[in-house]
Number of protein chains: 2
Amino acid sequence: MQHPPSAAAPTAETASSPSRSVTLKDVARVAGLSPITVSRALNTPQLVRPATVARVREAVELTGYIPNLLAGGLASKRSRLVAAIVPQLFNAMFVETVQGLGDQLAAHGYQLLLSLSGYSPLHEGELVSAILSRKPDGIVLTGINHAAETRKRLLSANIPVVETWDLTPTPIDMLVGFSHQKIGETIARHLYGKGYRRFGLVWADDERAAVRRSGLEAILNEFGTSVIADYIVPTPATLALGRQGLQGLLESGTSFDVIVCSSDALAQGVMTEAQVRGIDVPGELAIMGFGDLDFAAHTVPPISSVHIDKRAIGIQAANALLARIEGRPLQKKIIDVGFELVERQTT
Amino acid sequence: MQHPPSAAAPTAETASSPSRSVTLKDVARVAGLSPITVSRALNTPQLVRPATVARVREAVELTGYIPNLLAGGLASKRSRLVAAIVPQLFNAMFVETVQGLGDQLAAHGYQLLLSLSGYSPLHEGELVSAILSRKPDGIVLTGINHAAETRKRLLSANIPVVETWDLTPTPIDMLVGFSHQKIGETIARHLYGKGYRRFGLVWADDERAAVRRSGLEAILNEFGTSVIADYIVPTPATLALGRQGLQGLLESGTSFDVIVCSSDALAQGVMTEAQVRGIDVPGELAIMGFGDLDFAAHTVPPISSVHIDKRAIGIQAANALLARIEGRPLQKKIIDVGFELVERQTT
DNA sequence: TACAAAAATGATTGCGCTACCATTTGTTGG
DNA sequence: CCAACAAATGGTAGCGCAATCATTTTTGTA
């Protein structure tokens, strides 16, 4: 299975130059056709006689030709590239969306340029410029709050944009997400309905989480109660921060009957800390998560959470983009994938 | 902070054509310089008078110029793009590596093209071709087992390649990883040393996991014992599969004193199932994971695992690539990031 | 068989940028 | 004050491909 250094690769060009890469012209020469016909045979085979296509395929095989998409993109103004900006990947939330997006794009011959913004909207502007310089056919953003500069650049780039993981009546272009406000409200109603009154929060310092909180508090206020205390953690939220959170809240001396967390990771952390301290969940303390990550259903006891179809967000975003890129009519500019409160055994 | 829709963007081109994008030539005209000088001012400012650079910067600002890297890459043969192929992102293992890689690359002005291979080496060949057609300056691969076709293509593309997450004396080019064999051996010694004799496995159907298993079994054999039974699960490994795994093993009627899992997710699943069934961990049954994911230290009881510096793999891979791209000498072609068995309370 | 229409193929040009070499401008010392 | 050189700027060409229009070949029909 070793390749002896003496034997040159059999498919290498015959030219003496040290491996100048194979171009369309080389394939054309081998196939006895013009370069443009080869180009067509590869990109729009329906415009070329089947026999010719076969001849081209052979020549491609023989030469080991790999098209240069930089050149192709420059000439055709279509890069077959879609860029996505995600705060970070640690946060398992976005991973499924990226995976769905990537899978769906790949299935349609597009590639994914992934950028990690690290939750900093200031940095996002430069990021967008860097991305636009690759001339992507579309862009997927996380969230709806972008610097004015970012919006302007995106708008003037004149390419399809999908914002995700949030909801607004005025997206830059298209949107796939859900209402954080409503989730907060739903959580409040659920917990109040189950009789919980003394609310503690372990909450990430994140803008979408803040919206969920405002929904939660709005309804609690309606019911004449409110959040007693909160413990704010930096992003990305981890189990360790969840444990710290409960610790912090308990040290404040107040007593709670439920801790609401801005993510399942924090919730699991809170639960771990409760167990370590011998606090019965949900008997003495109820816990509520968000995101319905893989583990939420498989802890002991399983964590009540809010399910989001994270993968669907990615797939729908891809579909919206592909439709626009390929000029197909778009049913809706705004897709609400909704959510579902999943009651398990911690509430 | 709103931009009134009446006022046309002040930076828009004066041309009447519907937003033809701004090119280097436009900037040059505005700055009263030749295009090539503008190019230099942006790419190699040290070759241009500071006053001229400033003039160019102004013109860029004024015109809202965004370079076209397709054209730039085509002309210069440097794309400032690095491609990475990862089996999948669900598997939290690779996420940190991708994040480290992305961060480090971004810090050096490179962007990340992410491809998900879905664990299928057959598909990897096409993937590599698709990637090479973007003319990346470097490629990061997961694992060391690649189709012969893939190797050939990579070799003839003549760009730096880093293989990761495994170890071999004969990488395609460079490598950042660790020895799965040794991990298996280390686990076996640890568990045997603690007195465990009746080994059950809940194991993912994954080639690197298979190597860890072979290390484990080799040492167990040396000690005159062996794995009693295994339960093989498909990738990606999830908590639910871990639970199924324990269930499957218990139903076989055999009794175990330790279950070794090919990942922490499976281990947590096994532990959950054990707790649900009232099996004391580690009293009646010990559990061993792999990967030392975030949660491993924060379950009750915390899971013994093998720590891998996953983020470092990404960062070192980026560094190796950057060194080669920028022509700096490379200390080592093979970087072993090692591992560390972390004994917690499940063994 | 002839002729129009359709299908298939080809030639030219330019996408936006940088490499390469040529030219101009500025600087130094005799 | 002017060589002699370095620093700064410019002109030309071409990276590899596809859009556009032109030409050739094939097909169907009277």
Side-chain angles (χ1 to χ4, degrees), chain A residues 13 15 17 19-56 59-60 63-81 132-137 157-158, chain B residues 13 15 17 19-56 59-60 63-81 129 132-137 157:
Chain A
E13 338 61 88
S17 80
S19 88
R20 194 196 97 265
S21 76
V22 182
T23 73
L24 204 58
K25 214 188 282 185
D26 300 317
V27 177
R29 192 173 340 98
V30 170
L33 291 162
S34 74
I36 186 63
T37 301
V38 174
S39 168
R40 266 193 293 253
L42 296 175
N43 298 316
T44 50
Q46 70 277 11
L47 296 181
V48 176
R49 216 161 22 134
T52 309
V53 173
R55 199 139 56 102
V56 169
V60 166
T63 53
Y65 172 66
I66 292 181
N68 181 334
L69 253 48
L70 296 184
L74 181 60
S76 70
K77 305 197 168 310
R78 300 198 47 218
S79 62
R80 297 207 146 257
L81 194 65
L132 289 177
S133 66
R134 305 258 173 218
K135 299 285 166 184
D137 291 338
N158 205 31
Chain B
E13 339 59 273
S17 80
S19 88
R20 193 196 97 265
S21 76
V22 181
T23 73
L24 204 59
K25 215 188 283 185
D26 300 316
V27 178
R29 194 175 335 102
V30 169
L33 291 163
S34 75
I36 185 64
T37 301
V38 174
S39 169
R40 265 193 294 254
L42 295 175
N43 297 317
T44 52
Q46 69 279 11
L47 295 182
V48 177
R49 215 160 23 130
T52 310
V53 173
R55 199 139 57 100
V56 168
V60 166
T63 53
Y65 172 66
I66 292 181
N68 182 334
L69 252 49
L70 295 184
L74 180 61
S76 70
K77 307 200 168 307
R78 299 200 46 220
S79 61
R80 298 207 146 254
L81 196 64
S129 289
L132 289 177
S133 66
R134 305 259 173 218
K135 300 285 165 185
D137 291 337

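Here is how names work: the chains are called A, B, and so on, in the same order as the sequence lines, proteins then strands, and each is numbered from 1.
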K.L.:
Please figure out whether B/Val38 or A/Val38 has its closest DNA chain D nucleotide nearer the 5' end.
P.N.:
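With A/Val38 and B/Val38 compared, the 5'-side residue is B/Val38.
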K.L.:
Select one nucleotide: of C/dC17, C/dT9, C/dG10, the one nearest the side-chain heavy atoms of A/Arg49.
P.N.:
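Given the options C/dC17, C/dT9, C/dG10, the side chain of A/Arg49 is closest to C/dT9.
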K.L.:
Could you check how far CG of A/Asn43 sits from P of D/dA19, rounded to whole Å?
P.N.:
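Distance, rounded to whole Å: 8 Å.
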K.L.:
I want to check one thing: is the phosphate of D/dT9, taken as OP1 and OP2, less than 4.0 Å away from some side-chain N or O of B/Thr52?
P.N.:
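For D/dT9, OP1/OP2 do have a side-chain N/O of B/Thr52 under 4.0 Å.
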K.L.:
Between A/Asp26 and A/Thr23, is any pair of side-chain heavy atoms under 4.5 Å apart?
P.N.:
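Heavy-atom side-chain distance check passes, below 4.5 Å.
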K.L.:
For the helix from C/dT1-D/dA30 to C/dG30-D/dC1, how many degrees between its two end axes (five pairs per end), to the nearest 10°?
P.N.:
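The angle, to the nearest 10 degrees, is 30°.
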K.L.:
Checking all strands, does A/Pro35 fall into the base, sugar-phosphate, or nothing category for heavy-atom contacts under 4.0 angstrom?
P.N.:
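A/Pro35: no heavy atom of the nucleic acid under 4.0 Å.
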K.L.:
Which whole-number value in Å describes the distance from A/Lys25 NZ to C/dG10 C1'?
P.N.:
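Going from NZ in A/Lys25 over to C1' in C/dG10 covers 15 Å.
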K.L.:
Compare side-chain N and O positions of A/Ser76 against OP1 and OP2 of C/dC15 and report whether any pair is under 4.0 Å apart.
P.N.:
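No, outside the criterion.
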K.L.:
Between atom CG in B/Leu74 and atom C1' in D/dC17, what is the gap in whole Å?
P.N.:
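Result: 8 Å.
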K.L.:
Round to the nearest Å and state the distance from A/Asp26 atom CG to D/dG16 atom C1'.
P.N.:
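Whole-Å distance recorded here is 11 Å.
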K.L.:
A/Leu24 near the nucleic acid: base, sugar-phosphate alone, or nothing, with a heavy-atom cut-off under 4.0 Å?
P.N.:
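Since only primed, P, OP1 and OP2 atoms lie under 4.0 Å of A/Leu24, the category is sugar-phosphate.
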K.L.:
Kindly indicate whether the side chain of A/Arg40 and the base of C/dG10 share any N or O donor-acceptor pair separated by less than 3.5 Å?
P.N.:
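Under the 3.5 Å cut-off, the side chain and the base do form a donor-acceptor pair.
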K.L.:
With respect to the phosphate group of C/dC15, does any side-chain polar atom (N or O) of B/Asn68 fall under 4.0 Å of OP1 or OP2?
P.N.:
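No.
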K.L.:
I need the A/Tyr65 OH to B/Ser133 OG distance, nearest 0.5 Å.
P.N.:
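Between A/Tyr65 OH and B/Ser133 OG, I get 9.0 Å after rounding to 0.5 Å.
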K.L.:
Could you measure the distance from the CG atom of B/Leu81 to the CG atom of B/Leu69? Nearest 0.5 Å is fine.
P.N.:
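Reported to 0.5 Å precision, the distance equals 9.0 Å.
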K.L.:
Let me know the distance between CD1 of B/Ile66 and C1' of C/dC17, rounded to the nearest Å.
P.N.:
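Between C1' of C/dC17 and CD1 of B/Ile66: 16 Å.
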K.L.:
For B/Val27, is there any backbone N or O sitting under 3.5 Å from a side-chain donor or acceptor partner on B/Thr63?
P.N.:
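Not a single qualifying donor-acceptor pair exists.
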K.L.:
What distance do B/Leu70 atom CG and A/Asn68 atom CG have between them, rounded to the nearest 0.5 Å?
P.N.:
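Answer for the CG-CG pair, B/Leu70 versus A/Asn68, is 9.5 Å.
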K.L.:
Consider the side chain of A/Val48, meaning its heavy atoms from C-beta on, and name the nucleotide among C/dT18, C/dT9, D/dC17 that approaches it most closely.
P.N.:
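Within the option list, the nearest is C/dT9.
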K.L.:
D/dC17, C/dG10, C/dC17: which one has an atom nearest the side-chain heavy atoms of B/Ala71?
P.N.:
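Of D/dC17, C/dG10, C/dC17, C/dC17 is nearest to the side chain of B/Ala71.
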K.L.:
Side chain of A/Ser34 only, please: which of C/dT18, D/dA18, C/dA11 is the nearest?
P.N.:
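Closest nucleotide to the A/Ser34 side chain: C/dA11.
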K.L.:
Kindly point out which of D/dC15, D/dG10, D/dA18 is positioned nearest to the side chain of A/Ala75?
P.N.:
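Among D/dC15, D/dG10, D/dA18, the one nearest the side chain of A/Ala75 is D/dA18.
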K.L.:
Could you report the tightest heavy-atom contact between B/Ser79 and B/Pro136, atom names first, then the distance?
P.N.:
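Smallest heavy-atom distance, with atoms named: OG-CA, 3.4 Å.
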K.L.:
Rounded to the nearest 0.5 Å, what separates atom CD1 in A/Ile66 from atom NZ in B/Lys135?
P.N.:
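It is 7.0 Å, given to the nearest 0.5 Å.
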K.L.:
With rounding to the nearest 0.5 Å, note down the distance linking CG in A/Leu132 to CG in A/Asn158.
P.N.:
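Between A/Leu132 CG and A/Asn158 CG, I get 11.0 Å after rounding to 0.5 Å.
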K.L.:
In whole Å, I'd like the distance from the CG atom of A/Leu33 to the P atom of D/dT23.
P.N.:
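Between P of D/dT23 and CG of A/Leu33: 20 Å.
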K.L.:
If you compare every side-chain N and O of A/Lys77 against the phosphate oxygens of D/dC17 (OP1, OP2), does one of them come in below 4.0 Å?
P.N.:
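Indeed not, no polar side-chain atom of A/Lys77 lies that close.
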K.L.:
Would you kindly give the CD-to-P distance between A/Gln46 and C/dA7, to the nearest whole Å?
P.N.:
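Spelled out: CD on A/Gln46 to P on C/dA7 is 12 Å.
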K.L.:
Rounded to whole Å, how long is the line connecting atom NZ of A/Lys135 with atom C1' of D/dA18?
P.N.:
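The distance from NZ of A/Lys135 to C1' of D/dA18 comes to 17 Å, rounded to the nearest Å.
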K.L.:
Is the distance from OP1 or OP2 of C/dC17 to the nearest side-chain N or O of B/Ser39 less than 4.0 Å?
P.N.:
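It does not, given that no N or O in the side chain of B/Ser39 lies less than 4.0 Å from OP1 or OP2 of C/dC17.
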